[in-house]
Amino acid sequence: MKNTNYPVIMGILNITPDSFSDGNKNYFDLDFQISKALKMEKDGANIIDIGGESTRPGSEYISIDEELDRVIPVVEKLRTESNIKISIDTNKSVVAEEALKHGANIINDITGLSGDSKMAGIVEKYKAELVLMHMQGSPNNMQDAPQYTDPTEEVFAFLNNQINYAIRSGVDKNKIIIDPGFGFGKRYEDNCLLMQNIYKFTQTGYRVLIGVSRKSMIGHALNLKVNQRVEPSIALAIMSYLQGAQIFRVHDILQTRRALDMIYEVNQIS
């Protein structure tokens with residue numbers, strides 16, 4: 001498949017102490033986080049995805065107040081420093097609304113609108129973009145024993161159902177993005193089958209977001225530690241881009257930008 005859509009890079013900004021990839025003691029340092037976000041923009045990110053609650057396997061929920069305390073100052077200050085698109089990675093409508101009030105543009109909901117009955121209304125109210133992701137279970141139990149008969153068809157059916165729900169709730173269909181949810185309640189084999197079949201999702205006409213950066217499927221396949229997974233992460237981004245995916249949620253901005261830009265440039269020649 002010849003993808004001529006310009007690849008959109010979503011940089012990951014975790015305001016958490018326990019992210020699987022980059023949780024660190026500076027997570028609460030506002031200046032550190034803003035500096036990191038601006039570096040992502042300089043390196044080629046088009047979107048900064050801000051998350052205040054870890055969704056790694058086995059993670060625990062945090063309160064609404066704690067999540068607000070973590071993310072809203074970052075959203076507010078980043079908006080004063082940059083016009084880059086800001087995504088808020090949350091499944092809580094209260095957090096989503098506060099982030100949108102302070103300048104966020106996108107709601108990235110890992111529950112695909114199935115976790116908070118008020119979320120669709122908030123998205124519609126603020127005319128925000130919406131990422132609908134598939135997840136089997138919840139972060140604290142999703143990897144206990146995920147089961148599928150046909151992961152591609154089951155994930156596709158869930159996303160199609162949630163798309164219809166979002167549209168019925170007043171969300172503009174042109175603002176909907178779908179995410180198969182790699183690593184969220186999936187076995188290694190399920191993730192591989194989804195990657196092979198990304199084209200089935202891109203053929204819907206909705207923008208497809210791919211989030212495989214540094215994830216455990218790479219560690220499983222190649223026996224690599226998290227900080228050794230840059231090149232395989234880029235390989236999977238390329239594989240999905242060639243199937244029509246448009247948005248790539250990544251840790252390694254500059255390397256992914258250059259790799260996808262090269263393919264994009266070649267594909268402009270006819």
Side-chain angles (χ1 to χ4, degrees), residues 1-10 45-47 49 85-89 91 96 100 104-114 119-136 148 150-184 186 190-213 236-250 256-257 259-261 263-270:
M1 179 184 291
K2 185 178 181 180
N3 192 348
T4 56
N5 290 308
Y6 188 66
V8 174
I9 302 295
M10 175 184 274
N46 310 102
I47 304 167
D49 188 45
K85 274 190 176 182
I86 297 175
S87 168
I88 183 73
D89 181 356
N91 53 65
L100 292 169
N105 312 97
I106 304 169
I107 300 303
N108 183 6
D109 184 357
I110 64 169
T111 74
L113 295 182
S114 65
M119 185 68 88
I122 296 300
V123 173
E124 189 279 329
K125 177 180 178 181
Y126 290 88
K127 310 302 178 189
E129 293 182 82
L130 171 67
V131 179
L132 296 171
M133 196 194 80
H134 173 274
M135 172 174 58
Q136 189 179 100
Y148 297 88
D150 185 327
T152 301
E153 292 303 315
E154 291 169 51
V155 171
F156 187 93
F158 171 83
L159 291 174
N160 186 61
N161 185 68
Q162 297 310 104
I163 287 168
N164 291 332
Y165 168 61
I167 293 171
R168 290 196 306 271
S169 300
V171 177
D172 183 345
K173 67 182 296 184
N174 294 314
K175 294 188 174 184
I176 295 174
I177 300 161
I178 56 176
D179 177 356
F182 287 95
F184 284 83
K186 278 98 175 168
D190 303 323
N191 288 314
C192 291
L193 289 170
L194 282 170
M195 181 56 66
Q196 293 171 21
N197 289 285
I198 289 300
Y199 70 93
K200 294 185 179 180
F201 297 90
T202 62
Q203 287 175 348
T204 63
Y206 290 96
R207 289 170 291 167
V208 174
L209 185 154
I210 300 297
V212 292
S213 181
L236 293 176
I238 291 170
M239 185 174 180
S240 55
Y241 179 64
L242 293 175
Q243 296 182 69
Q246 292 176 260
I247 306 173
F248 305 88
R249 185 178 184 273
V250 303
T256 310
R257 173 88 278 162
L260 292 177
D261 276 359
I263 300 171
Y264 172 79
E265 292 298 331
V266 170
N267 282 343
Q268 300 311 298
I269 306 300
S270 59

| said: With a 4.5 Å cut-off on side-chain heavy atoms, are Thr204 and Phe156 touching? | reply: yes
| query | So which heavy atom on Ala96 is nearest to which on Met119, and how close? | reply | CB-SD, 3.6 Å
| Has the side chain of Asn46 got a donor or acceptor atom that lies under 3.5 Å from a matching backbone atom of Ile9? | yes
| note | The salt bridge (charged side-chain N to carboxylate O under 4.0 Å, His left out) partners of Asp49 (sequence neighbours excluded) come to Arg249
| said: Could you tell me if the side chain of Asn3 sits less than 4.5 Å from the side chain of Ile263, heavy atoms only? | reply: no
| query | Is it true that a side-chain atom of Glu265 and a backbone atom of Asp261 form a donor plus acceptor pair closer than 3.5 Å? | reply | no
| remark: For Ile177 and Val208 the tightest heavy-atom approach is CG2-C, 4.5 Å
| query | Can you name the nearest heavy-atom pair linking Ser240 to Phe248, along with the distance? | reply | OG-CE2, 3.4 Å
| task | Nearest 0.5 Å please: distance from the CD atom of Gln203 over to the CD atom of Gln243. | result | 9.5 Å
| note | Interatomic distance, CG@Leu132 vs OH@Tyr206, rounded to 0.5 Å, equals 9.5 Å
| request: Identify the heavy atoms of Val171 and Glu124 that sit nearest to each other, and give their distance. | output: N-CG, 4.2 Å
| field | Reported OG1-to-CZ distance for the pair Thr202 and Arg207, which is rounded to 0.5 angstrom | value | 14.0 Å
| task | Give the minimum heavy-atom separation between Met133 and Phe158, together with the two atoms involved. | result | O-CE2, 3.5 Å
| Out of Leu209, Leu260, Ile247, which one pairs with Val8 under the side-chain contact (heavy atoms from CB on, under 4.5 Å) rule? | Ile247
| message | Which heavy atom of Leu194 sits nearest to which heavy atom of Pro151, and what is that distance? | response | CD2-O, 4.1 Å
| task | Could you check if a side-chain atom of Met195 sits within less than 4.5 angstrom of a side-chain atom of Asn191, using non-hydrogen atoms only? | result | no
| field | Min side-chain heavy-atom separation Ser114-Tyr165 under 4.5 Å | value | no
| query | Do the side chain of Lys175 and the main chain of Lys127 share a donor and acceptor less than 3.5 angstrom apart? | reply | yes
| task | Would you check if Asn5 and Tyr264 make a side-chain contact, meaning some heavy-atom pair closer than 4.5 Å? | result | no
| task | Look up atom CG in Asn91 and atom CD1 in Ile107, then write down how far apart they are to the nearest 0.5 Å. | result | 11.0 Å
| message | Tell me every residue that passes side chain to side chain contact (heavy atoms under 4.5 Å, CB included) with Lys85, counting only those two or more places apart in sequence or in another chain. | response | Ile47, Asn105, Ile106, Glu129
| said: My understanding is that only residues two or more places apart in sequence, or in another chain, count here; which of them pass side chain to side chain contact (heavy atoms under 4.5 Å, CB included) with Asn161? | reply: none
| said: Any heavy-atom pair between the side chains of Lys186 and Tyr148 that's under 4.5 Å? | reply: yes
| query | Measuring from Cys192:SG to Asn197:CG, what's the distance to the nearest 0.5 Å? | reply | 11.5 Å
| said: What's the separation between atom CZ in Phe201 and atom CD1 in Ile198, rounded to the nearest 0.5 Å? | reply: 6.0 Å
| request: Would you indicate whether the side-chain heavy atoms of Thr111 and Met135 approach each other to under 4.5 Å? | output: yes
| query | For Val155, does its backbone N or O pair with a side-chain atom of Gln136 as donor and acceptor, under 3.5 Å? | reply | no
